[in-house]
Asks: 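I'd like to ask you about the structure that follows.
Quick caveat: nothing in here was measured; it's all calculated off a predicted structure.
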Protein chains: 2
Amino acid sequence: MRTYLDIVKKVDVVPYSHEAEYDDFVSHFFRLKSHDGSFNLGYLIPSVVKELFKYPQYFMINDNIVKFSFSLDTIEKREEALEIIGNEWKNQGLFDTLKGWRNEKYTIYGPINEVYFHLERAMCPLFGVVMYGVHINGYVKSPITGEIKLWVPRRAANKATYPGMLDNTVAGGLGYPYGPIETCYKECYEEAGLEESYVTKNIKSCGVISYLYQLKPFDFESELGLVQPEVEYIYDLYMDENTIPHPVDHKSEDFQLMTIDEVKKRLLNGEFKDNCGAIIVDFLIRHSIITPELEKDYIQINSKLHRYLPFPVRSN
Amino acid sequence: MRTYLDIVKKVDVVPYSHEAEYDDFVSHFFRLKSHDGSFNLGYLIPSVVKELFKYPQYFMINDNIVKFSFSLDTIEKREEALEIIGNEWKNQGLFDTLKGWRNEKYTIYGPINEVYFHLERAMCPLFGVVMYGVHINGYVKSPITGEIKLWVPRRAANKATYPGMLDNTVAGGLGYPYGPIETCYKECYEEAGLEESYVTKNIKSCGVISYLYQLKPFDFESELGLVQPEVEYIYDLYMDENTIPHPVDHKSEDFQLMTIDEVKKRLLNGEFKDNCGAIIVDFLIRHSIITPELEKDYIQINSKLHRYLPFPVRSN
């Protein structure tokens with residue numbers, strides 16, 4: 001049986017610098033650096049770096065450092081280079097992750113919150129850059145007993161990632177040019193058929209979850225080992241008993257209103273998509289369902305859900 | 001005018017390992033290590049290490065490492081050594097922090113949640129070990145408008161630390177042998193006159209705040225530069241309009257029921273005790289008063305409030 005800490009460790013995978021496994025970890029990865037060398041953008045796996053060696057006009061590679069060429073000194077030049085590379089890789093069928101090409105851009109930031117470049121969403125994991133999303137816990141609360149239930153959708157069986165797994169009520173990436181709350185409105189409509197007027201009245205931001213994810217820990221060769229720094233804006237959405245979510249874009253198969261006991265059971269049984277599981281743990285902590293008395297790893301769980309990423313992050 | 005990030009940076013002071021200031025920071029401090037050298041317990045300042053040189057039977061000091069002597073291989077032996085040292089230092093009037101001697105023990109843990117030793121509360125900052133407490137946000141919520149107000153006490157003018165500053169409704173250290181919820185009951189009674197039966201019904205745990213504090217950043221010489229790793233268990237306490245907190249032990253001067261606007265104004269004006277300010281920021285985030293749209297440093301604030309400490313922490 002999994003523990004809540006196991007669930008959080010599934011998303012916050014990369015060792016911390018004071019931990020024994022850290023040196024081994026960093027020795028296997030490359031660091032992606034800005035064109036002037038002043039900041040880090042992400043970790044790269046060897047199979048990606050092998051391909052980047054073919055673009056010496058765009059990247060300088062020395063030791064464990066991959067640096068944007070000094071000549072790529074504007075957003076436009078960096079985006080042009082990355083577009084050429086992306087298109088060639090896609091056409092060559094090089095990386096599985098590019099099969100999920102979306103024609104949707106994510107924004108990558110520099111240290112003083114400047115846009116450093118925009119990048120096709122499917123390319124982001126290959127470059128190890130920070131990705132942003134919103135995750136929404138749609139809950140029903142009994143006005144009499146105070147009992148909380150959660151609306152839990154199941155991912156479609158034909159989804160490219162995590163097919164058939166349980167998900168958060170609504171979730172989605174922060175595609176350019178949308179901010180967190182705009183993304184909430186957009187996704188609440190597409191994924192759950194909820195109108196903006198309803199969402200505005202009932203949604204509450206509750207913080208941010210951040211972590212350094214690898215689908216397969218310590219896989220240094222395959223795409224499963226890609227290091228994905230992620231930041232998820234967390235929202236609780238109060239849903240009255242008459243509001244039934246239903247998918248508009250058919251990404252999810254069905255919604256089920258689950259008791260907390262049912263959610264906990266399925267969570268500890270590994271039925272939730274990795275990051276959605278961590279977000280449920282955060283929900284259970286904030287709602288005093290997981291308590292310091294009941295959960296021996298309470299402190300460690302709280303810290304690992306809010307990792308301070310070693311890269312610049314979005315600041316509005 | 002301060003920002004919310006400034007308030008959080010007042011408690012999470014020590015640089016992270018990927019930050020430029022980190023090497024400078026660690027070069028000025030000593031690490032306290034366990035008797036077998038297998039784990040770190042805290043950071044020590046040079047003026048404390050200078051005194052520990054006088055106890056070669058208890059501590060081995062090499063380069064930037066202070067290790068418990070290998071012979072101190074039981075809890076009892078470590079506690080005996082620390083008691084001798086503590087009494088001598090107190091009698092010699094060596095460190096200002098020892099003026100706050102309480103005859104109250106804190107527990108220091110090893111990596112598999114074993115008790116490594118107990119230590120007089122006033123000694124803990126000198127050894128840089130992790131300290132634990134509970135902080136409780138006592139709030140009133142209008143059943144009609146949903147407006148939230150906070151009960152805010154002012155610290156007594158004659159308190160040794162942070163005299164006259166604003167505080168969280170109730171707060172207190174985790175003195176041995178009390179756990180978090182027991183400490184809540186104890187402190188709610190002593191500091192606010194609230195009975196256990198009332199608290200049990202209305203209190204909710206909401207997570208943990210953790211950080212690496214220094215009263216005076218980058219002071220490598222004086223006691224103001226002591227590095228204090230802290231973990232605070234966070235609770236929200238719903239208070240109905242008829243329940244008025246009042247100090248029983250007279251530690252606090254008076255309680256005031258403040259609107260959120262008033263709390264924010266005083267917070268940004270620097271009127272709260274350092275860690276209480278950070279805990280209010282967490283409260284404002286969890287209650288959707290500080291939002292991603294309003295607060296540009298939202299992500300960084302969330303991470304810095306939940307630092308993954310480089311030392312073993314309590315697990316239960």
Asks: Within the supplied structure, the quantity of interest is the number of heavy atoms (other residues, nucleotides, ligands) at a distance under 6.0 Å from B/Y178 OH; does it exceed 12?
Replies: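 Not buried by this count: 12 neighbours or fewer within 6.0 Å.
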Asks: Is chain B contacted by the side chain of A/S210, its backbone, both, or neither, given a heavy-atom distance below 4.5 Å?
Replies: side chain
Asks: Between A/Y298 (side chain) and B/V208 (backbone), is there a donor-acceptor pair under 3.5 Å?
Replies: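 Judged by distance alone, no pair lies under 3.5 Å.
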Asks: Take a 6.0 Å sphere around NZ of A/K141 and say whether it holds more than 12 heavy atoms from other residues, nucleotides or ligands.
Replies: no
Asks: When rounded to the nearest 0.5 angstrom, what is the spacing between SG in A/C206 and CD1 in B/I285?
Replies: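 Going from SG on A/C206 over to CD1 on B/I285, the span is 10.5 Å.
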Asks: A quick test of your reading: do over 12 heavy atoms of other residues, nucleotides or ligands sit less than 6.0 Å from NZ of B/K204?
Replies: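 Open: at most 12 neighbouring heavy atoms sit under 6.0 Å from NZ of B/K204.
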Asks: Could you give the distance from CZ (A/R314) to NZ (B/K296), rounded to the nearest 0.5 Å?
Replies: 12.0 Å
Asks: Could you tell me if the side chain of A/H18 sits less than 4.5 Å from the side chain of B/F39, heavy atoms only?
Replies: no
Asks: At what distance, to the nearest 0.5 angstrom, does CG of A/N302 lie from CD1 of B/I209?
Replies: 8.0 Å
Asks: If I measure from the heavy atoms of chain B, does A/E19 come under 4.5 Å with its side chain, its backbone, both, or neither?
Replies: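 Side chain only.
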Asks: With side chain to side chain contact (heavy atoms under 4.5 Å, CB included) as the test, would you mind laying out the steps for B/H306 and A/L305 before giving the verdict?
Replies: CA-CA 8 Å; B/H306 301 91; A/L305 285 172; over 6 Å; no
Asks: Check each atom of B/I301 against the heavy atoms of chain A and say whether the ones under 4.5 Å are side chain, backbone, both or neither.
Replies: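 Neither; nothing under 4.5 Å.
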Asks: At a 4.5 Å cut-off on heavy atoms, which part of B/Y308 comes close to chain A: side chain, backbone, both, or neither?
Replies: both
Asks: Less than 4.5 Å apart, any side-chain heavy atom of B/Q300 and any of A/S315?
Replies: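 Not touching, per the 4.5 Å side-chain cut-off.
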Asks: Consider only side-chain N and O atoms of B/S288 and A/S205, and report whether a donor and an acceptor are under 3.5 Å apart.
Replies: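 Looking only at side-chain atoms, A/S205 and B/S288 do form a donor-acceptor pair, the distance falling under 3.5 Å.
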Asks: Return yes when atom OH of A/Y185 has more than 12 non-hydrogen atoms of other residues, nucleotides or ligands closer than 6.0 Å, and no otherwise.
Replies: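 Yes - once you tally the heavy atoms of other residues, nucleotides and ligands closer than 6.0 Å, there are more than 12.
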Asks: Of the backbone (N, CA, C, O) and the side chain (C-beta and beyond), which part of A/I234 lies under 4.5 Å from a heavy atom of chain B, both, or neither?
Replies: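 Nothing of A/I234, per the 4.5 Å heavy-atom cut-off to chain B.
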Asks: Using a cut-off of 6.0 Å, state whether more than 12 heavy atoms not belonging to A/Y189 lie near its atom OH.
Replies: no
Asks: Is the count of non-hydrogen atoms from other residues, nucleotides or ligands lying under 6.0 Å from A/D240 atom CG greater than 12?
Replies: yes
Asks: Mind checking the CG-CG spacing from B/N113 to A/D297? Nearest 0.5 Å is all I need.
Replies: 8.5 Å
Asks: Under 4.5 Å between any side-chain heavy atoms of A/P292 and B/Y132, yes or no?
Replies: no
Asks: Do B/P180 and A/E293 make a side-chain contact, defined as non-hydrogen atoms from C-beta onward lying under 4.5 Å apart?
Replies: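 Touching, per the 4.5 Å side-chain cut-off.
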